[in-house]
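Just so it is clear, the values below take in all heavy atoms, side chains as well, and ignore hydrogens, waters and symmetry mates.
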Amino acid sequence: LQHARRMLLQMEQLSSDMQAFGQGLGTRLELLANTSAISEHLVQPLGAFLQNQPQLRLSLREATSAAIVQTLLAGEADLGVVSDAVDIGALQAQNWHADTLMVLGSPQWLHALPKQLRLSQLAQQPLLGLLPQHALQKMLMAQALLAGCHLHFRAQAPHLDALCDWAAMGLGCALVPQTAAMRCLQRHPEASLELRPLEEPWAQRQLLLVHISRI
């Protein structure tokens, strides 16, 4: 039944693509990316690319890095942007952007924490996070499980800017990409905010552009 459903979906997509091609709409490209890649790095360059490629149709979807790898290996997408913390298997990859995760918060939350900060040491802090469906939030929960700790989220936001704005209001600490944190500091110069690196190998991330080898 699963194979039949997949075949029917592929036939529907083929019909849609052929109809679009006949109307001169050209190639369809499906790009998968994690939360920070979409929020921090992709929107502007993709917009410029689409301006220069009027016949291209683009689908941009959010997923965890591990899910992106599996989707690409199954041949169900064209390109992906993932963290270098995941095993990309037989996919081809090239370095794209640094994407370090930082702890953002007011001094009242961060002053009691050690300089060499580990994820488990945030377990007793009032954290701010993204909604559960976001890839970054899923990754943080998975890492907490591996570290044997439970993270307590006081509030969960729909996107990174809202998350950083709450941190600027002194509501708690947030684990966010460094680019999002720096943008928050510029947006809220009046706020008392500090940035603290997270001393975890998976937090020192490099974003990779990955694809199947036949591209």
Side-chain angles (χ1 to χ4, degrees), residues 33-46 60-67 81-86 96-207:
N34 62 16
T35 302
S36 55
I38 291 176
S39 300
E40 303 303 316
H41 304 294
L42 275 172
V43 174
Q44 292 299 324
L46 279 178
L60 175 61
R61 291 195 291 120
E62 181 182 332
T64 64
S65 293
V81 179
V82 302
S83 164
D84 63 353
V86 299
W96 188 51
H97 266 291
D99 190 52
T100 303
L101 292 180
M102 306 285 288
V103 181
L104 175 70
S106 63
Q108 74 177 92
W109 299 118
L110 295 178
H111 78 280
L113 296 175
K115 296 296 183 182
Q116 303 295 318
L117 186 57
R118 304 299 299 269
L119 183 65
S120 59
Q121 293 163 327
L122 294 173
Q124 303 304 317
Q125 296 297 316
L127 296 179
L128 306 170
L130 294 171
L131 293 174
Q133 66 266 27
H134 284 282
L136 178 58
Q137 188 71 10
K138 291 179 181 178
M139 185 272 291
L140 290 177
M141 298 307 292
Q143 291 297 336
L145 184 63
L146 291 174
C149 64
H150 180 70
L151 301 179
H152 301 275
F153 290 94
R154 180 184 182 187
Q156 292 179 270
H159 51 76
L160 282 170
D161 281 346
L163 179 59
C164 292
D165 289 345
W166 282 350
M169 294 172 68
L171 301 182
C173 301
L175 270 167
V176 297
Q178 187 173 13
T179 50
M182 297 305 295
R183 191 170 67 250
C184 178
L185 294 177
Q186 294 174 352
R187 195 165 63 248
H188 297 283
E190 77 292 346
S192 178
L193 283 171
E194 290 185 6
L195 274 179
R196 187 78 62 81
L198 189 64
E199 301 295 332
E200 301 282 3
W202 50 264
Q204 318 306 315
R205 307 191 303 176
Q206 175 76 30
L207 292 179

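Counting non-hydrogen atoms of other residues, nucleotides and ligands closer than 6.0 Å to CD of Q133 gives a total above 12. Heavy atoms from other residues, nucleotides or ligands lying under 6.0 Å from CD of E199 number more than 12.
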| query | Please walk me through it: do S106 and E194 pass side chain to side chain donor-acceptor pair (under 3.5 Å)? | reply | CA-CA 6 Å; S106 63; E194 290 185 6; over 6 Å; no
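A parallel orientation is assigned to the rings of H97 and H41, their planes being inclined by less than 30° (bins at 30° and 60°).
If you check the side chains of S83 and Q206, you find no donor sitting under 3.5 Å from an acceptor. For the residue pair Q125 / W109, no side-chain donor-acceptor distance below 3.5 Å is found, with atom types taken as modelled.
Looking at heavy atoms from C-beta onward, L117 lies out of side-chain contact with K115 at the 4.5 angstrom threshold. Two residues are said to be in side-chain contact when any heavy atoms from C-beta on lie closer than 4.5 Å; L60 and V43 fail this criterion. Two residues are said to be in side-chain contact when any heavy atoms from C-beta on lie closer than 4.5 Å; M102 and P177 fail this criterion. Considering only heavy atoms from C-beta on, L171 comes within 4.5 Å of R154 through its side chain. Contact of the R205 side chain with the S36 side chain is registered, since non-hydrogen atoms from C-beta on lie closer than 4.5 Å. For the pair L119 and L175, the minimum side-chain heavy-atom distance is below 4.5 Å. Using a 4.5 Å heavy-atom cutoff, the side chains of R187 and D165 are in contact. For the pair L104 and C164, the minimum side-chain heavy-atom distance is below 4.5 Å.
With respect to L136, the side-chain contact (heavy atoms from CB on, under 4.5 Å) criterion is satisfied by exactly one of V176, L163, I38, L101: L101.
Heavy-atom minimum distance, A191 versus A168: CB-O, 3.7 Å.
A distance of 12.5 Å separates CG of N34 from NE2 of H134, quoted to the nearest 0.5 Å.
Scored by the salt bridge (Lys or Arg N to Asp or Glu O under 4.0 Å) test, R183 finds E40, D161 as partners (sequence neighbours excluded). Evaluation of the salt bridge (Lys or Arg N to Asp or Glu O under 4.0 Å) rule for E200 yields R118 as partners, not counting sequence neighbours.
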